Amino acid sequence: MAHKAYVRLRHGHDRERPAATAWATGQAQDLHAWGRRIDDALWSRAEAFALSLTRSAEPGVRRLAAAGVRLGGPGGIELLHFLTLALRPRVVVETGVAAGWSTAAVLDAMRANMMGHLYSSDFPCFRLPDAERHIGHVVPERLKDRWTLHTRGDRRNLGEILHPTMRVDLVHYDSDKTRSGREFFLDRVAPHLTDEHVLVMDDIQDNLVFREYARSQPFHRVFAYQGKFIGVTGPGLCALERGGAISTAASV
């Protein structure tokens with residue numbers, strides 16, 4: 001927390017937002033139209049999952065909200081569920097768990113695939129009492145056997161998760177939104193990415209890091225979602241758009 005506060009004071013947090021927002025706006029396309037175009041049946045499954053999880057988790061979310069615990073909503077979980085079903089990753093790494101919406105999306109798809117393991121990095125919200133017990137509170141117990149959670153912050157957690165032989169197929173970044181936080185993560189995970197990986201980054205309108213990273217990749221997509229933007233890139237995205245989801249859908 002001290003590091004994040006220093007970076008924001010020293011370098012600013014919103015300085016790049018106008019340019020990043022303008023770029024993302026110009027690149028953005030409709031997420032649901034994209035998913036239906038890639039594989040309508042698989043996307044329908046992802047939408048059905050998102051609706052089911054939102055409904056089943058709603059009573060617990062309301063109870064926590066009444067107690068002053070608000071950890072954010074289910075942003076873009078259809079995309080993560082869809083990508084996990086389509087790509088059938090063996091290893092997924094995510095940063096930023098909070099309530100666990102994205103965590104549940106990946107784990108449910110892994111259960112359908114009957115393969116894969118999710119490694120998550122988070123840091124308890126220091127403003128909440130006994131905050132660690134709230135991490136992932138929407139994740140059903142039946143899905144947790146494929147999940148390893150680390151809660152000491154990205155800079156410590158990634159050292160434990162990304163051991164020398166680790167190879168990562170799917171990445172979801174949703175933690176420290178500062179430039180330094182994103183750059184640290186991209187540098188740290190790069191040696192561990194497989195040749196067919198896909199990387200998803202939330203809130204790319206906050207700064208220009210995703211734009212700069214996407215320029216080094218052969219292909220990328222930007223999706224508008226609830227007033228924000230999600231970036232997706234990596235060589236696996238090219239394969240997916242060439243028909244990868246269609247070929248894997250029959251086997252899930």
Side-chain angles (χ1 to χ4, degrees), residues 42 45-46 48-61 64 69 71-125 128 130-176 185 188-189 192-194 197-202 230 232 234 236 248 252:
L42 212 60
R45 288 177 60 177
F49 161 79
L51 180 61
S52 175
L53 178 64
T54 302
R55 287 176 174 173
S56 64
E58 185 177 2
V61 170
L64 285 176
V69 179
L71 295 176
I77 58 175
E78 305 95 325
L79 173 63
L80 290 168
H81 194 266
F82 176 80
L83 288 174
T84 306
L85 285 175
L87 301 170
R88 299 177 64 81
R90 294 184 180 276
V91 175
V92 179
V93 170
E94 71 164 346
T95 69
V97 179
W101 297 101
S102 61
T103 305
V106 172
L107 291 174
D108 186 82
M110 283 182 168
R111 187 170 186 263
N113 291 344
M114 294 187 291
M115 64 179 293
H117 197 90
L118 171 64
Y119 298 86
S120 301
S121 170
D122 201 39
F123 187 79
C125 181
L128 298 176
D130 198 16
E132 191 164 345
R133 69 186 178 93
H134 298 305
I135 297 174
H137 68 79
V138 306
V139 180
E141 286 295 325
R142 62 184 174 83
L143 300 179
K144 292 183 178 179
D145 59 323
R146 294 185 180 274
W147 186 32
T148 301
L149 172 64
H150 297 258
T151 60
R152 299 198 301 163
D154 288 352
R155 291 173 186 267
R156 291 185 177 181
N157 295 339
L158 293 174
E160 298 172 358
I161 295 171
L162 298 173
H163 55 78
T165 61
M166 171 73 79
R167 293 296 177 264
V168 183
D169 304 300
L170 177 61
V171 177
H172 176 225
Y173 187 83
D174 191 25
S175 52
D176 181 359
F185 175 78
R188 186 67 182 81
V189 78
H192 300 274
L193 298 175
T194 66
H197 76 273
V198 170
L199 183 144
V200 180
M201 183 173 285
D202 283 13
I230 303 170
V232 186
T248 57
V252 298

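Here, residue 1 is the first one in the sequence, and each next residue gets the next number. Side chains included, hydrogens not; waters and symmetry mates left out as well; all remaining heavy atoms used. Keep in mind that what you see is a predicted model, and the values were worked out from it rather than measured.
Closest non-hydrogen pair, Arg111 versus Leu143, comes out as CD-CD2, 3.4 Å. Across all non-hydrogen atoms, the minimal contact from Ser102 to Leu80 is CB-CD1, 3.3 Å. When all heavy atoms are compared, the tightest approach of Val92 to Met110 is CG2-CE, 3.4 Å. Of all non-hydrogen atoms in Ser175 and Gly96, the two that sit nearest each other are CB-N, 3.8 Å. Residues Val198 and Gly236 share a closest heavy-atom pair of CG2-C, 3.5 Å. The minimum heavy-atom distance linking Ile230 with Gly76 is given by the pair CD1-CA, 4.1 Å.
Rounded to the nearest 0.5 Å, atoms CG (Asp108) and OG1 (Thr103) are 12.5 Å apart. A distance of 6.0 Å separates CG of Leu87 from CG of Leu170, quoted to the nearest 0.5 Å. Note that CG of Leu199 and CG of Asp169 are 12.5 Å apart. Values are rounded to the nearest 0.5 Å. Going from atom CD1 of Ile135 over to atom OG of Ser120 covers 10.0 Å, rounded to the nearest 0.5 Å. Taking CZ of Arg188 as the reference point, atom CG of Asn157 lies at 11.0 Å (rounded to 0.5 Å). Within the model, atoms CD of Glu160 and OG1 of Thr148 stand 11.0 Å from one another, a figure rounded to the nearest 0.5 Å.
The closest side-chain heavy-atom distance from Leu118 to Arg146 is not below 4.5 Å. Side-chain contact between Leu162 and Val168 is present, with heavy atoms from C-beta onward closer than 4.5 Å. Side-chain contact check for Tyr173 versus Val189: every heavy-atom pair is 4.5 Å or farther apart.
A donor-acceptor pair under 3.5 Å is absent between the side-chain atoms of Asp174 and the main chain of Glu94, judged by distance alone. Of the possible donor and acceptor atoms, none in the side chain of His197 sits under 3.5 Å from a partner among the backbone N and O of Gly234. Asp122 places no side-chain N or O within 3.5 Å of a backbone atom of Leu149 that could act as its donor or acceptor partner. Within the 3.5 Å criterion, the main-chain N or O of Ala48 finds no donor-acceptor partner in the side chain of Ser52.
Side chains of His163 and Thr165: a donor on one and an acceptor on the other come within 3.5 Å.
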Practice item. I would like to know whether Thr194 and Val91 meet side-chain contact (heavy atoms from CB on, under 4.5 Å); could you show each step before the answer? Key: CA-CA 10 Å; Thr194 66; Val91 175; over 6 Å; no
Practice item. Evaluate side-chain contact (heavy atoms from CB on, under 4.5 Å) for His172 paired with Val106, printing each intermediate quantity in order. Key: CA-CA 10 Å; His172 176 225; Val106 172; over 6 Å; no
Review point. What's the verdict on side-chain contact (heavy atoms from CB on, under 4.5 Å) for Leu42 and Phe82, showing C-alpha distance, side-chain angles and the deciding distance?
Key: CA-CA 7 Å; Leu42 212 60; Phe82 176 80; 3.7 Å; yes
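Ring geometry for Phe49 against His81 counts as parallel: the plane angle stays under 30°, on a 0 to 90° scale with 60° as the upper cut.
More than 12 non-hydrogen atoms from other residues, nucleotides or ligands lie less than 6.0 angstrom from CZ of Arg167.
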